[in-house]
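Take a look at the structure below.
A note on names: the letters A, B, ... follow the listed sequences, proteins ahead of strands, and every chain is numbered from 1.
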2 protein chains.
Amino acid sequence: MTNKPKSAERKRGSGAQFVYSILRDEILDLTLLPGSPIDEIRLSERLSMSRTPIREALVRLASEGLVTTLPNRSTVVSNIDFMNLHTFFDAMTLMYRVTTRLAAQFHTPADMAAIRARQAEFAKAVAAQDALSMIATNREFHAEIARAGRNPYYESLCLRLLDEGRRLLRMYYQSFDDQLPNEYVQEHEDLVATIEARDVARADSLAGTHADQIVQQIQALISRDRRQHIEL
Amino acid sequence: MTNKPKSAERKRGSGAQFVYSILRDEILDLTLLPGSPIDEIRLSERLSMSRTPIREALVRLASEGLVTTLPNRSTVVSNIDFMNLHTFFDAMTLMYRVTTRLAAQFHTPADMAAIRARQAEFAKAVAAQDALSMIATNREFHAEIARAGRNPYYESLCLRLLDEGRRLLRMYYQSFDDQLPNEYVQEHEDLVATIEARDVARADSLAGTHADQIVQQIQALISRDRRQHIEL
DNA sequence: CGTAGATTTATTGTCGACAAACAAAATACA
DNA sequence: TGTATTTTGTTTGTCGACAATAAATCTACG
């Protein structure tokens with residue numbers, strides 16, 4: 001299935017990193033569902049390597065909150081805390097605003113080129129109506145803006161939130177992929193233009209409304225989902 | 001020197017956690033200076049345990065940015081990036097404001113009791129003119145406020161920034177401990193009162209000015225330090 | 001005397017194995 | 001039959017050892 005290089009083919013020192021990125025992707029793509037246990041031995045067999053690099057990857061994932069390790073018990077994929085989603089929305093909105101603001105202040109021509117490239121990928125995914133690709137490219141677009149802001153503290157929180165959002169969106173887009181967010185492409189275009197123009201106030205405002213839009217959409221998906229559950 | 005329980009005395013599963021907290025404290029207290037290498041074998045001898053739990057602790061510290069692992073080379077304590085301190089100040093100020101704001105909105109009686117307890121400890125440290133204790137208790141005070149805000153995303157960033165700040169302050173207070181920040185005690189009192197009164201706007205504003213004060217003090221210490229270096 | 005290459009040494013990354021802890025199954029007993 | 005207890009099995013936490021890699025040292029040669 002997935003390309004798994006044999007242990008001999010991989011370079012020394014890349015083991016944990018390799019396992020980390022594999023697991024991370026599987027968690028964020030919901031290939032590993034929230035709450036499902038992660039067996040170290042089975043994983044070591046699947047990736048044909050020792051338990052040591054796998055444990056290191058798990059420690060890293062745990063420190064980022066993607067997995068939860070029960071002492072002396074199996075580590076499980078962290079659940080999505082639906083009760084406290086508002087904290088996620090709140091932080092997401094603020095980080096969108098702050099990073100976009102900083103990007104408008106500090107971007108370089110190279111940053112703009114990178115941002116435009118991400119935006120092009122996002123537009124292509126939307127045109128193709130590929131929901132999964134949309135989620136991924138949207139994440140990369142905002143990650144690139146955060147990078148241009150050049151504040152590693154904001155950037156790391158933003159990346160964490162984008163990952164969490166990717167997982168959340170993945171959960172709903174696999175059932176409701178009939179949404180057509182063409183307006184998001186336009187909003188992104190406006191965002192890019194405003195950043196390039198170094199219009200800090202407008203960048204802040206646009207990022208805020210953009211975040212609100214996404215929040216509203218997710219909430220709509222959730223309530224739609226809830227209603228279904230009730231009707232069963 | 002330090003109380004090191006023999007491996008038999010410690011509970012199974014607490015090994016990595018134990019090493020983590022030891023190393024973390026030593027890094028933040030500057031017992032381990034930035035840039036100094038961390039030898040796994042020497043550490044395993046010093047703490048009388050295998051290299052495995054030590055490596056886990058190092059992975060955790062690396063994912064929090066406190067140490068940097070050079071591939072196939074020794075992991076070193078992360079340097080303080082003086083060139084980009086402004087990003088730290090920026091994030092610190094925003095997080096002070098946001099978490100204090102949220103604490104004003106969502107605090108419970110239990111939160112207030114905990115915050116007051118931390119404030120009492122801080123006041124005691126200031127009264128005793130114990131610079132190191134001041135740094136630690138100030139950190140705990142703001143960490144408690146962040147906890148009362150009940151947003152885990154803000155809270156984790158805030159904790160990270162407080163740690164970084166603890167290290168930074170430690171660097172200057174060990175040479176210039178003649179500062180007497182009695183006004184900080186009063187500012188903290190005002191902060192507590194405003195939070196309890198649920199005055200969100202004023203809490204935001206107070207937290208902002210409080211952060212500005214601290215930033216100014218650190219910058220003053222840095223410039224004073226610079227002048228000394230030039231005069232040598 | 002200095003520099004390039006070979007060799008040694010020290011330290012990390014990985015592995016397989018064992019022991020402790022928890023969960024589940026099986027058994028004893030009322 | 002139901003509950004408490006023992007036994008069994010599975011998975012983690014820890015350990016010591018080995019292999020790979022880079023730094024440090026040494027050697028040869030200009």
Salt bridge (Lys or Arg N to Asp or Glu O under 4.0 Å) between A:Glu45 and A:Arg42, intermediate numbers included | CA-CA 5 Å; A:Glu45 287 166 358; A:Arg42 260 190 285 276; over 6 Å; no
Show your reasoning for whether side chain to side chain contact (heavy atoms under 4.5 Å, CB included) applies to B:Met112 and B:Val192.
-> CA-CA 8 Å; B:Met112 289 313 300; B:Val192 173; 3.8 Å; yes
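If you take CD1 of A:Ile38 and P of D:dT12, they are 10 Å apart, rounded to a whole angstrom. Note: CG (B:Asp39) to P (C:dT9) measures 18 Å, nearest angstrom. A straight line from CD of A:Glu56 to C1' of C:dT12 spans 10 Å, rounded to a whole angstrom. For A:Gln17 and C:dT14, the CD to P distance is 11 Å, given to the nearest whole Å. When rounded to the nearest whole Å, the span between CD1 of B:Ile41 and C1' of D:dC15 equals 14 Å. At whole-Å resolution of the value, CG in B:Leu43 and P in C:dT11 are 13 Å apart.
Residue B:Ser74 places its side chain closer to C:dT12 than to any other of D:dT12, C:dT12, D:dC15.
For the side-chain hydrogen bond (donor to acceptor under 3.5 Å, both in side chains) test, residues two or more places apart in sequence or in another chain that qualify with A:Ser156 are B:Arg160.
Salt-bridge check for A:Lys124 with A:Glu121: failed, with every basic side-chain N at 4.0 Å or more from each acidic carboxylate O.
Residue contacts for B:Glu40: at a heavy-atom cut-off of 4.0 Å it reaches the sugar-phosphate backbone alone, with no base atom in range. Residue contacts for A:Ile54: at a heavy-atom cut-off of 4.0 Å it reaches no nucleic acid atom on any strand shown.
Ring pair A:His142/A:His188 is perpendicular by interplanar angle, where above 60° counts as perpendicular and below 30° as parallel.
Pairs of residues two or more places apart, or lying in two chains, that qualify as side chain to side chain donor-acceptor pair (under 3.5 Å) and include a residue from residues 108-118 of chain B are B:Thr108-B:Asp111, B:Asp111-B:Arg150, B:Arg116-B:Glu196, B:Arg118-B:Glu144.
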Tell me, for nucleotides 16-23 of chain D in 5' to 3' order, what letter each nucleotide earns: B for a base near a protein heavy atom under 4.0 Å, S for only sugar-phosphate near one, - for neither?
-> -B-BBSSS
